[in-house]
Protein chains: 2
Amino acid sequence: MSRPERSLQPQASGIRLRETRAAAIAGGHGIAADLIAVLVAVTHGDPRVLTLQDARALPSGPFELEHRSLQSGLRAWVERQTRHPLGYVEQLYTFADRDRGLGPDQRFISISYLGLTRERVEGVDCAVSWRSWYDHLPWEDRRTGIPPMIESMLLPRLREFAEAAPDLATGHDRLNRIAVTFGLDGRPWNEELVLQRYELMYEAGLIPEARRNRPESEPAPLAGDSMILDHRRILATGIARLRSKIKYHPVVFELMPETFTLLQLQRCVEALAGRLLHKQNFRRLIEQQQLVEETGTLSQETGGRPAKLFRFRRDILTERAIVGTKLPISRS
Amino acid sequence: MSRPERSLQPQASGIRLRETRAAAIAGGHGIAADLIAVLVAVTHGDPRVLTLQDARALPSGPFELEHRSLQSGLRAWVERQTRHPLGYVEQLYTFADRDRGLGPDQRFISISYLGLTRERVEGVDCAVSWRSWYDHLPWEDRRTGIPPMIESMLLPRLREFAEAAPDLATGHDRLNRIAVTFGLDGRPWNEELVLQRYELMYEAGLIPEARRNRPESEPAPLAGDSMILDHRRILATGIARLRSKIKYHPVVFELMPETFTLLQLQRCVEALAGRLLHKQNFRRLIEQQQLVEETGTLSQETGGRPAKLFRFRRDILTERAIVGTKLPISRS
DNA sequence: GACGATATACTCGCTTTGAGTATTACATCA
DNA sequence: TGATGTAATACTCAAAGCGAGTATATCGTC
C-alpha cells in the first residue's frame, strides 16, 4: 500500500503536540477538541488495535472547523492517513477532565471513537503498527486459561490496596470490587467489565500512567504495556463496548473477510471476548439467527474435513432490527 | 422549594444565547462546549422530562474552564439551579454538526447527558416545567394501544415520502425502514427504536425542526410538540438509551420513591417502555433477580387487597455485576 | 487403510419464558 | 352482612432456549 501523506502524529510526544495546539488557541478561554480512535482488526486470531509511537498512543487528531461533523472528521483523517476503508464507526465517550488540559486557561475535549476494519499489510511508518490489545491488558485474555500473572501479581497487589484502605468499610468495598470484577470466590468471570478492572487497577496504582510526572527512567510497567495519557483507558472503553456489542448486534462481520468458515468466525469472536466458546452451540446460534449464507464452496485449509464457506447476509441489517427484549411484555 | 439563583436559561431563545457566547470566544478558531441534559422523572405513571422555554428546550448550559470534568460541570449547574439531587447520570452523545454552529468560524460541541431523578413540586420559574415526553413523541406510547395518529397521519405521510424516492431502490429501502421501525406487516414493535423512528420522520419532513429558517407563524407542528434546534432528537436519544438500559441494569429504582409496591414499579417501567407488561411474569422477574426486599409494611392505597411495600436492595449494585451473556461460552 | 484433525449432525435434560387459571384480601355499598 | 369490585399473590403448564454432550462425515498424511 502507498505511504501516507504524513504520519498520523509527529514523532514528538502527544503532550508536545497538545502544547503546540493549545498555543494556537487565542486568548483566555481556550477549548480545543481532539478525536481519538480505537481502530480494531482481528488477524490470525488476535484482536489488534492501531497504535502509534511504538504502541504508546492511539491515533488522534484535531477536530477542525472545516469538518462536517465529528464522525466525518474522524473518517476523513483516518481514511486519508491509513488508506483504510473504515466500516463500522461508533462514538465511545467524551472526556474533558481537568488534568487532561495544560493549564487553567486551556481545555481539551477528547471525543473517542471505536472503528472496526480489516488489517492491511502496509508500508507505512514503522511507528504506526497493529498491536494485540492484550499486550496492553494481558489479564483480559482467558482463552488459554486464567493468565498466571493474575494470581501471581495482580491479586496480591490488589489485596495490598484493599488492606491499605483508610477505614474498614472502604476496605470491604475494595475487596468486594476485586472479587466481582475478577470473578473470585465462585463468582463468574464477566468479560465485559474491562473498564471496571482497569479503573480498579488504576486506583490501586498498578497502572503506571496513574503516577504523573514520573521520570522516563522508572522501571518497566507493572502490568501490560502502558500508553500515554489516558489512551489505555480509552482502549479499555473500546474493548468493553465491543465485547458488549457483539452479543446483540452483528458487528463481528466488519472484522471478517468476505467469505469465511464458521470456525474462523468463532475464533474472531473468541479473540474479542477473550474466552472460548462451545463450538456446536456457537454454530447453532449463528444458523438460527440466519446471519450467514453458504457460498457453495469449501475451504481446504482447515487441516481436517473441508469446511463450508459462508458470507454475511448484509440484508439482515435492514430486514430486522436485532435487539433482545428482557421485559415480560404482554401480547394481548 | 426555594427559587433558583437565576433561571436555567434567559427568556430569550436558545439561539440568542449561543450568539452571545460565540461572541465571547476569541479569534477565528472558536470552539465552545455546551452541556445538554435529558432529566427524567416518572410521576403518576407519566415519564417526564425537564424542559424550559414553555417546553421548547432542554436545559443546557456552557461547559466552563473551572469545571473539574464534564460530568461534574453538569451536576454543578443542574443541582444549583434546580436544587434537584441528581442521582444517576450517564453520558449520551456528543454532537458537533456544522449546522449547529453559527458561522464558518464558530463551532459548538454539545455533550448530552441522561439524568434520572424524582420530580419535585417547586416554585420555580414557570418556564421551567416537567412535561410528559410523549407530548413530544406521541407515537412512542403504546400503553393504551396503538395511537390512532400513527395510522391516520404518520403512515400516510411516510408512505408519501417513500413514493417520492428518486429511484426504486431507495423507495424500497424507505418502505422497509418504515415497516421495521413501526412494526408493520407482522413485524414486532420494538420500543427501543426511538431514534430510528425520529430520524425517519425527520427525513420525511414530518419534524418541523427539520425545516430551517421557517417563520414562527407557520402552522402547528405535525406530530408532537417540537423543540428548538435538535433538542427533540436528543430527547429521543435519551429515551432510547433508557428503554434499553432498564433491561439489563436496575436504574428504574432511581425514579422510584424509597418504598413502593410491585405494581407501582411495574407502572414506572411501563411508562418508560411505552407498553404494558405481564403482571405475574414481571413479579417473577423482579423476585428471582432479588432486586427488592420487603419492608414489612403494607400499602392500603391500592383499592383492592393491600400490597406489600418493597425497597430496592442497594447492595445488589456492588454485590454482582448484572450483565447478560448471549455467547455460548464453554465452561470446561 | 489406519490415524489425526476438523466439520457437521443430532440428542437430551434443564432452565427460562409466555400465557394463563386460581385463590386471597381488602373497600364499598346495597 | 354478604355480594361485588379491585387488586395482590400463588400456582400451573407447555414451548422455546440453552448448556453440554455423543455420533458421524470427510479430508490429508503416513
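All heavy atoms count here, side chains included; hydrogens, waters and symmetry mates do not. The chains referred to below are lettered A, B, ... by the order of the sequence lines, with proteins before strands, and numbering in each begins at 1.
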Checking all strands, does B:Leu263 fall into the base, sugar-phosphate, or nothing category for heavy-atom contacts under 4.0 angstrom?
-> sugar-phosphate
Tell me the interatomic distance from [X], atom [atom1], to [N], atom [atom2], rounded to whole angstroms.
X	N	atom1	atom2	result
A:Glu287	C:dT8	CD	P	8 Å
B:Leu285	C:dA19	CG	C1'	15 Å
A:Ile286	C:dA9	CD1	P	15 Å
A:Gln266	C:dA7	CD	C1'	12 Å
A:Leu277	D:dC18	CG	C1'	14 Å
A:Gln300	D:dT29	CD	C1'	15 Å
A:Leu262	C:dT8	CG	P	6 Å
A:Leu265	C:dT8	CG	C1'	16 Å

Out of [options], whichever nucleotide has its closest atom nearest the side chain of [X]:
X	options	answer
A:Pro306	D:dC27, D:dA20, C:dG20	D:dC27
A:Arg305	C:dA7, C:dT17, C:dG18	C:dA7
B:His278	D:dC18, C:dA19, C:dA7	C:dA19
B:Asn281	D:dC18, C:dA19, C:dT17	C:dA19
A:Lys308	C:dG18, D:dA8, C:dA9	C:dA9

Identify, between B:Leu327 and B:Arg284, the residue whose nearest nucleotide on DNA chain D lies closer to the 5' end.
-> B:Arg284
Which residue lies more 5' along DNA chain D, comparing A:Leu298 with B:Leu298 via nearest heavy atoms = B:Leu298
With respect to the phosphate group of [N], does any side-chain polar atom (N or O) of [X] fall under 4.0 Å of OP1 or OP2?
X	N	answer
A:Gln280	C:dA7	no
B:Lys279	D:dA7	no
A:Arg283	C:dA7	no

Any cation-pi pair here, A:Arg197 with A:Trp189, using under 6.0 Å and within 45°?
-> yes
Please work out whether the ring planes of B:Phe253 and B:Phe312 are parallel, tilted or perpendicular, with thresholds of 30° and 60°.
-> parallel
Stepwise salt bridge (Lys or Arg N to Asp or Glu O under 4.0 Å) test for B:Glu258 and B:Arg311 | CA-CA 6 Å; B:Glu258 196 54 36; B:Arg311 86 168 63 84; 5.1 Å; no
Quick one: do the A:Gln196 and A:Thr181 side chains pair a donor with an acceptor below 3.5 Å?
-> no
Pairwise side-chain contact, B:Leu242 with B:Leu114, heavy-atom cut-off 4.5 Å (strictly under) | yes
